[in-house]
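Take a look at the structure below.
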Amino acid sequence: MAVNLQTIKDFRNYLKSELKGLYHEGEARAISDTVILKALGLTSLPELLMRQTEKPDDQAKEQILVMCSELKTGMPVQYVTGETYFLGCIIKVNPGVLIPRPETEEMTWLIINENKGFRGGITDICTGSGCIAIALAVHLPDARITASDISAAALLTARENALKNTADVAFFRSDILKMPPSRLPLSDIIVSNPPYVRNSERTQMRKNVLLFEPPEALFVPDEDPLKFYRAILDTAVHSLRPGGTLYFEINEALGRDIYDLMKSKGYTDICIYKDINGRDRVAKGKRK
Ligand code: GLN
C-alpha cells in the first residue's frame with residue numbers, strides 16, 4: 001500500500017481515486033461507499049459519514065483492498081460485494097446469475113400493484129437469481145409462486161435468496177425451449193424476463209456486462225430473437241389458465257414484434273409499457 005490509509009475517510013478517498021478512470025465521479029463515489037459499507041457491516045450512508053474518522057480493523061481494511069482490486073478489473077460492484085437489493089429484498093448475486101436491473105424491478109412492481117391481495121398461482125420462467133419470484137412472494141404473500149431456470153447454479157443462488165428473504169417459492173430446473181408442457185403448474189399469472197439481447201447488440205453493451213455477466217441469460221440469435229417468448233407462449237397454452245395474464249420483460253426494439261406475436265397466439269388486452277427511460281420494456285396480455 002503506497003499511501004497511508006488509516007481512517008474510513010482515507011479509504012473513501014483512496015477508492016474514489018482508484019476508480020476514477022473506470023467510472024464517472026458520482027458513480028465512483030457511490031461504488032466506494034457501497035464497498036466500505038459492506039466491509040464495515042454498516043447499512044446506511046449517514047452511519048458511514050458519522051464514523052469517517054474511525055479506523056477500520058485489519059480484516060475490514062484487507063477486505064476493502066481486495067474489493068478495490070476486483071473493481072479495477074471492471075467487475076460490477078454487485079458481484080464484488082455479492083449482493084444487491086430488489087424491491088426491498090436482499091438478493092445474492094454471482095457471475096452465474098444476471099444482476100437484477102431497475103427495469104425488472106419496475107415490471108415486478110407493476111405486477112404487485114395490479115394484483116394486490118392476489119391468491120392464485122404465479123410462475124416465473126427464467127428466474128435467474130430468483131429476484132422476481134422472491135419479490136412477488138414477499139409482496140403478494142397469499143400467492144403461490146413457482147419459478148424455473150435452466151441453470152442448476154442459478155437455482156442454487158435463487159433458493160438461497162428465497163431462504164434469506166423467507167420467501168415461499170417452489171423452484172425447479174427446466175429448459176423452457178424443451179420442456180414438456182406438463183412440467184409447469186397451472187397458474188393464473190406467468191412472468192418472464194428471458195434472454196432478449198440480440199447478438200448484434202453486443203457492440204452497444206458495456207464492457208463490464210459483456211465480461212462478467214452470464215451470456216446465456218442475455219443473448220439470443222438475431223435470426224430468432226423471440227424464441228423464448230414463443231416457447232413460453234406455447235407452454236402457456238397448457239399452463240396458463242384461460243383469462244390468466246402474461247407479463248414479459250422485453251427488448252426495447254421488439255415491442256411491436258412481441259405485440260404481434262401475442263396477438264397471433266390469441267392474447268387480448270395486450271399492453272406494451274415503457275420503462276423509466278421511455279423505452280418499451282414490458283408486454284402484458286390476457287389469455288382468452
Ligand atoms: N436488460 C438486460 C440488459 O440490458 C437484459 C436482460 C435480458 O436479456 N433479459 O443487460
Side-chain angles (χ1 to χ4, degrees), residues 23 27 74-80 84-87 91 93-111 122-136 147-151 153-155 157-158 161 174-177 179 190-233 235-236 246-259 261-262 272-285:
Y23 296 98
E27 219 176 348
M75 187 185 276
V77 65
Q78 296 90 338
Y79 287 153
V80 170
T84 188
Y85 287 87
F86 188 88
L87 293 180
I91 300 292
V93 290
N94 52 60
V97 296
L98 212 61
I99 296 166
R101 305 290 202 267
E103 304 89 276
T104 309
E105 248 177 332
E106 281 186 64
M107 172 175 71
T108 310
W109 192 236
L110 173 79
I111 301 172
I122 305 182
T123 302
D124 172 23
I125 300 172
C126 304
T127 195
S129 66
C131 60
I132 297 175
I134 290 164
L136 291 176
S148 76
D149 202 278
I150 188 176
S151 158
L155 285 173
T157 303
N161 282 328
S174 78
D175 177 355
I176 185 67
L177 299 175
M179 176 164 48
I190 291 180
V191 52
S192 184
N193 173 22
Y196 62 63
V197 181
R198 289 169 293 182
N199 274 322
S200 60
E201 292 170 316
R202 278 175 196 255
T203 49
Q204 299 155 34
M205 294 181 83
R206 285 172 73 146
K207 226 170 119 193
N208 57 359
V209 173
L210 290 173
L211 286 177
F212 293 95
E213 299 208 72
E216 63 278 17
L218 286 168
F219 298 109
V220 284
D222 281 60
E223 313 78 72
D224 190 11
L226 302 187
K227 67 179 191 175
F228 284 94
Y229 300 96
R230 201 171 312 105
I232 294 166
L233 287 162
T235 52
L246 200 59
Y247 292 90
F248 283 140
E249 185 175 317
I250 63 169
N251 183 320
E252 68 208 59
L254 300 174
R256 184 78 232 176
D257 303 73
I258 289 170
Y259 183 97
L261 177 67
M262 290 174 84
I272 305 287
Y273 296 91
K274 291 193 188 301
D275 64 18
I276 197 168
N277 298 310
R279 300 182 177 132
D280 286 348
R281 190 60 66 200
V282 174
K284 181 180 87 170

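The figures that follow rest on heavy atoms only: side chains count, while hydrogens, waters and symmetry mates do not. In listed order, ligands and their atoms are each counted from 1.
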Is a side-chain N or O of Asp175 found less than 3.5 angstrom from the main chain of Met179, in a donor-acceptor match?
no
Cationic tip of Arg202 above Phe219 ring, under 6.0 Å, 45° of axis:
yes
Whether over 12 other heavy atoms sit under 6.0 Å from Arg206 CZ
no
Chi angles and distances behind the side chain to side chain contact (heavy atoms under 4.5 Å, CB included) call for Thr127, Ile132
CA-CA 7 Å; Thr127 195; Ile132 297 175; 5.6 Å; no
Please determine if Arg256 and Asp280 form a salt bridge, counting it only when a charged side-chain N lies under 4.0 Å from a carboxylate O.
no
Would you mind writing out a table of all protein N or O atoms found under 3.5 Å from any N or O atom of ligand 1, naming both atoms and giving the distance to 0.1 Å?
| residue | atom | partner | partner atom | Å |
| --- | --- | --- | --- | --- |
| ligand 1 | 1 (N) | Tyr196 | OH | 2.9 |
| ligand 1 | 8 (O) | Tyr196 | N | 3.1 |
| ligand 1 | 8 (O) | Leu218 | O | 3.4 |
| ligand 1 | 9 (N) | Asn193 | OD1 | 2.7 |
| ligand 1 | 9 (N) | Pro194 | O | 2.6 |
| ligand 1 | 10 (O) | Arg101 | NE | 3.4 |
| ligand 1 | 10 (O) | Arg101 | NH2 | 2.7 |

Please check if any side-chain donor atom of Glu201 sits under 3.5 Å from a side-chain acceptor atom of Asn251, or the reverse.
yes
